Asks: 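Please read through the structure below; I'll follow up with questions.
Since we're looking at a predicted model, the values are computed, not measured. Here, residue 1 is the first one in the sequence, and each next residue gets the next number.
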Amino acid sequence: AVKLNGFPCKNPAWVQANDFSFSGLHNPGNTGNQFGSAATLVNVAQIPGLNTLGISMARIDYAPWGIVAPHYHPRATEILTVIEGSLEVGFVTSNPDNRLFSKILQKGDVFVFPVGLVHFQRNIGHMNAVAISGLSSQNPGVSTIANVVFGSKPEISTDILAKAFQIDKNIVQQIQWRF
């Protein structure tokens, strides 16, 4: 099988309408986790017809006060639309400024997270919230900051992390233990 961008290309004679569709964004994700959020991804893995088209999307569900932890997409800009509820969103520019751009969004509001910048979302309401996210890549990737820093395999040296975060090595070890 021929692959393009790491994903198989079908013989055009075998392509069907199902290669261009996905059913399921009407179903809420399970927010019963430590973050109180769930993302239902719709990328090239779910829709083979997206291969080479440079787009994907996600439904994001938030429990009251649920968050999408600080993360970034190495291969995509993200545009988020609030469907239900109220969200606090923001991103941080790169060094040396590390400037925070943050805003409270209501139903129907839209916010953009530039490619490669750390960003987050938080439901600031007492009801569930829902957002739809569009991404400028068929396979945007995601790197959650805490997972990358404290959950690497093998672990980043506690000496390095203690110095980087200016905290005691025992605290670093306690955090690493959770991952």
Asks: For residues F7 and L50, determine if any side-chain heavy atom of one lies less than 4.5 Å from a side-chain heavy atom of the other.
Replies: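 The answer is no; the side chains never approach within 4.5 Å.
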Asks: Should F120 and L100 count as side-chain neighbours, where that means a heavy-atom distance under 4.5 Å?
Replies: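 Heavy-atom side-chain distance check passes, below 4.5 Å.
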Asks: Quick check: do P48 and P8 have side-chain heavy atoms less than 4.5 Å from each other?
Replies: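 The answer is no; the side chains never approach within 4.5 Å.
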Asks: Spell out, yes or no, whether I83 and V42 are grouped together once hydrophobic residues are joined by side-chain heavy atoms under 4.5 Å, including indirect joins.
Replies: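 Yes: a chain of side-chain contacts under 4.5 Å links I83 to V42.
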Asks: Starting at CD1 of I60, measure out to OG1 of T81 and round the result to the nearest 0.5 Å.
Replies: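 Atom-to-atom, I60:CD1 and T81:OG1 are 10.0 Å apart.
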Asks: For S37 and I67, which heavy atoms make the closest approach, and how far apart are they?
Replies: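 Taking every non-hydrogen atom into account, OG-O, 2.7 Å.
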Asks: With a cutoff of under 4.5 Å between side-chain heavy atoms, which Ile, Leu, Val, Met, Phe, Trp and Tyr residues group with W177?
Replies: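 Cluster partners of W177: none, it stands alone.
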Asks: Under a 4.5 Å cut-off applied to non-hydrogen side-chain atoms, are I124 and I104 in contact?
Replies: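 Touching, per the 4.5 Å side-chain cut-off.
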Asks: Report the C-alpha distance between W65 and H126 in whole Å, list the side-chain angles of each, state the deciding distance to 0.1 Å, and finish with yes or no for side-chain contact (heavy atoms from CB on, under 4.5 Å).
Replies: CA-CA 7 Å; W65 301 102; H126 297 286; 3.7 Å; yes
Asks: Does one hydrophobic cluster hold both I79 and L117, with members joined at side-chain heavy-atom distances below 4.5 Å?
Replies: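 Different clusters.
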Asks: For the residue pair M57 and L25, establish whether any side-chain heavy-atom pair is separated by less than 4.5 Å.
Replies: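 In short, these two side chains touch, coming nearer than 4.5 Å.
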Asks: Between I145 and V118, is a side-chain contact (heavy atoms from CB on, under 4.5 Å) present by the stated rule, with each step listed?
Replies: CA-CA 8 Å; I145 305 307; V118 173; 3.8 Å; yes
Asks: Quick check: does any side chain N or O of S133 sit under 3.5 Å from a backbone N or O of L80, one acting as donor and the other as acceptor?
Replies: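 Pair absent, no side-chain N/O of S133 close to backbone of L80.
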Asks: Check the pair D19, W14 against side-chain contact (heavy atoms from CB on, under 4.5 Å), reporting the backbone distance first and the verdict last.
Replies: CA-CA 10 Å; D19 294 319; W14 300 341; over 6 Å; no
Asks: Is any side-chain heavy atom of F113 less than 4.5 Å from a side-chain heavy atom of H71?
Replies: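 F113 vs H71: side chains apart.
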Asks: Say you draw a straight line from CD of E78 to CD of Q121; how long is it, rounded to the nearest 0.5 Å?
Replies: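 Separation between the atoms: 5.5 Å.
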Asks: Are L41 and V142 co-members of a hydrophobic cluster defined by side-chain heavy atoms under 4.5 Å apart?
Replies: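 No: no chain of side-chain contacts under 4.5 Å links V142 to L41.
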Asks: Is a side-chain donor or acceptor of N123 paired with a backbone partner of A63 at a separation under 3.5 angstrom?
Replies: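 Yes; at least one donor-acceptor contact below 3.5 Å.
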Asks: How close do S21 and I47 get, heavy atom to heavy atom, and via which atoms?
Replies: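 Answer, listing the atom of S21 first, then I47: O-CG1, 3.7 Å.
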Asks: Hydrophobic cluster mates of M127, side-chain heavy atoms under 4.5 angstrom, ILVMFWY only, any path?
Replies: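 Members besides M127: none; it forms no cluster.
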Asks: Let me check something: any side-chain donor-acceptor pairs from residues 87-97 under 3.5 Å, sequence neighbours excluded? List them with distances.
Replies:
unit_1: E88; atom_1: OE1; unit_2: R122; atom_2: NE; d: 3.0
unit_1: E88; atom_1: OE1; unit_2: R122; atom_2: NH2; d: 2.4
unit_1: T93; atom_1: OG1; unit_2: R99; atom_2: N; d: 2.8
unit_1: N95; atom_1: OD1; unit_2: N98; atom_2: ND2; d: 3.1

Asks: Per the side-chain hydrogen bond (donor to acceptor under 3.5 Å, both in side chains) rule, what does the pair list look like for residues 136-148, sequence neighbours excluded?
Replies: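 Counting only pairs at least two positions apart or across chains, the side-chain hydrogen bond (donor to acceptor under 3.5 Å, both in side chains) contacts touching residues 136-148 are N51-Q138.
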Asks: Taking all atoms of both residues into account, what is the closest heavy-atom pair of V115 and P74, and its distance?
Replies: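 For V115 and P74, the tightest heavy-atom pair comes out as CG2-O, 4.0 Å.
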Asks: Can you list, pair by pair, the side-chain donor-acceptor contacts under 3.5 Å of residues 161-172, counting residues two or more places apart and other chains?
Replies:
unit_1: Q166; atom_1: NE2; unit_2: K163; atom_2: O; d: 2.4
unit_1: D168; atom_1: OD2; unit_2: N170; atom_2: N; d: 2.8
unit_1: D168; atom_1: OD2; unit_2: N170; atom_2: ND2; d: 3.2
unit_1: K169; atom_1: NZ; unit_2: D159; atom_2: OD1; d: 2.5

Asks: Does the side chain of V68 reach to within under 4.5 Å of the side chain of Y62, using non-hydrogen atoms?
Replies: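 V68 reaches Y62 side chain to side chain.
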Asks: What pairs of residues pass the salt bridge (Lys or Arg N to Asp or Glu O under 4.0 Å) test when at least one of them lies in residues 53-73, not counting sequence neighbours?
Replies: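 Applying salt bridge (Lys or Arg N to Asp or Glu O under 4.0 Å) to every pair that reaches into residues 53-73, excluding sequence neighbours, yields R59-D61.
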Asks: List the atom of G36, the atom of N33, and the distance in Å for their closest heavy-atom pair.
Replies: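 Heavy atoms of G36 and N33 come nearest at N-OD1, 2.8 Å.
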Asks: Measure across G151 and F179 and return the closest heavy-atom pair with its distance rounded to 0.1 Å.
Replies: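 Where G151 meets F179 most closely, the heavy atoms are CA-CB, 3.7 Å.
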Asks: Where do A129 and G85 come nearest, in terms of heavy atoms and distance?
Replies: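 It is CB-CA, 4.1 Å.
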